[in-house]
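Below is one structure, written out as structure tokens, with a few remarks after it.
If you read the sequence from its start, that first residue is 1, and numbering goes on from there.
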Amino acid sequence: VTVSSTGPDMRWWPINPAPTAASFSFEIERASVSTPETILLSGLRVRPTGTTPLSNANIYMTCVNTTGTCGITGVTAGSGGTNFGTLSSVAGAAVRLSVTGTATQTAGAGNELTITAYDQFGNVATGYTGGKNLTFSGLANSPDGNVPQVEGTNQGTPAAVTFTSGVSNTNAATLVAYKAETGSVDVTDGTINSTGDAAYDLDLTVNPATAGRLEMTAASGTVNAGATNELTIIAKDAYGNLATGYTGGKNLTFSGIANAPAGNVPTVESSVISAPIAITFTSGATDGSNASLVAFKAEGPVELEVSDGTI
């Protein structure tokens, strides 16, 4: 606030050197009472003192600790008296960012994030507006190496996000995560950020997408003809995550191993591999004991393939 007067015969000094949002007072001394003078207060701005913005408050005159007569002709002192105007709170400068969005998403799907700038008292910093270069962090790459992205920009690289009155625009910060995990999404503009308090970041659970392929391993890479070799089969999504939704009985067909010279046909769970074989999956994988392979021809190395007819 700036205080000035129209003449040389008046002086003042603050009673409250550090004004609060609720009040500001100063002391006046006149060298002469015969010449009218005017006091001008300008630049009055109120910043909130807590998380709840200040409600409108009137500007009024009151006299305290006076010597002699204090008053202004035609003005009634006190909060119930003459109203000289109204003060309202204004948001302070942005000191932190906050990330919100859907708490659960599927790998490869979009999650619309909202980034909000706050002042030191928890009010939306409405002056934080226009284009901002934001860098996001907190999520891992998928097993196949897919990097999380916001608006098509890889995590760790600044992405352009537009703000209006302290809040990112709708659909201006679309997150695509690829690894099935539980993590926390943080953001920074290089000066302020969402770190330092768990309430400012987005706690996110990323679930695997639907199964896109089957992978198979064997207990042994070398086996004698006629001996049993336990297979483990797992379903993965397009990004290499275990597709936990792939569960229950599946009819699988195997290929890649030839019949023995005597005509013996390879089997899995005692069924010939050329016909569909019922095998049970739990959360995307067999249990390592319900897909027993028996091969009869001495050959190799060969590649054993598996399909459920779709993947």
Closest non-hydrogen atom pair between [X] and [Y], with its separation:
X	Y	result
Y178	V147	CE1-O, 3.2 Å
A291	I233	CB-CD1, 4.4 Å
A107	Y239	O-CE1, 3.6 Å
I277	E269	CG2-CB, 4.4 Å
T153	A159	CB-CB, 3.8 Å
T253	S274	CG2-O, 3.8 Å

How about [X] and [Y]: do any of their side-chain heavy atoms sit closer than 4.5 Å?
X	Y	value
L134	L97	yes
L139	L175	yes
P148	N141	yes

May I have the step-by-step check of side chain to side chain contact (heavy atoms under 4.5 Å, CB included) for V124 and T116, ending in yes or no?
CA-CA 7 Å; V124 176; T116 306; 4.1 Å; yes
Would [X] end up clustered with [Y] when hydrophobic side chains under 4.5 Å apart are linked, directly or stepwise?
X	Y	answer
V95	Y118	no
I279	M216	yes
L231	I311	yes
V99	I192	yes
V294	V268	no

From I257, N259, N264, residue fulfilling side-chain contact (heavy atoms from CB on, under 4.5 Å) relative to F296:
N264
Residue that, paired with F254, satisfies side-chain contact (heavy atoms from CB on, under 4.5 Å) out of T267, I273, L293
I273
Rounded to the nearest 0.5 Å, what's the gap from [atom1] on [X] to [atom2] on [Y]? Could you check?
X	Y	atom1	atom2	result
T100	D203	OG1	CG	12.0 Å
K250	T310	NZ	OG1	9.5 Å
T174	N111	OG1	CG	8.5 Å
S194	D201	OG	CG	6.0 Å
N241	K179	CG	NZ	8.0 Å
Q105	L202	CD	CG	8.5 Å

Has [X] got a side-chain atom pairing as donor or acceptor with [Y]'s backbone, closer than 3.5 angstrom?
X	Y	value
T102	T104	no
T106	A109	no
S168	I115	yes
T247	F281	yes
N224	A227	no
T286	N290	no

Answer yes if the side chains of [X] and [Y] hold a donor-acceptor pair under 3.5 Å, and no otherwise.
X	Y	answer
S137	D186	no
N193	Y200	no
T164	N169	yes

Any ion pair linking R213 and D144 (charged N to carboxylate O, less than 4.0 Å)?
yes
Only residue of T282, T210, D308 satisfying side chain to side chain donor-acceptor pair (under 3.5 Å) with Y246 is D308
With N154, which residues qualify under side chain to side chain donor-acceptor pair (under 3.5 Å), at least two apart?
Q149
Can you check side chain to side chain contact (heavy atoms under 4.5 Å, CB included) on Q155 and V150, steps first, answer last?
CA-CA 7 Å; Q155 175 184 265; V150 174; over 6 Å; no
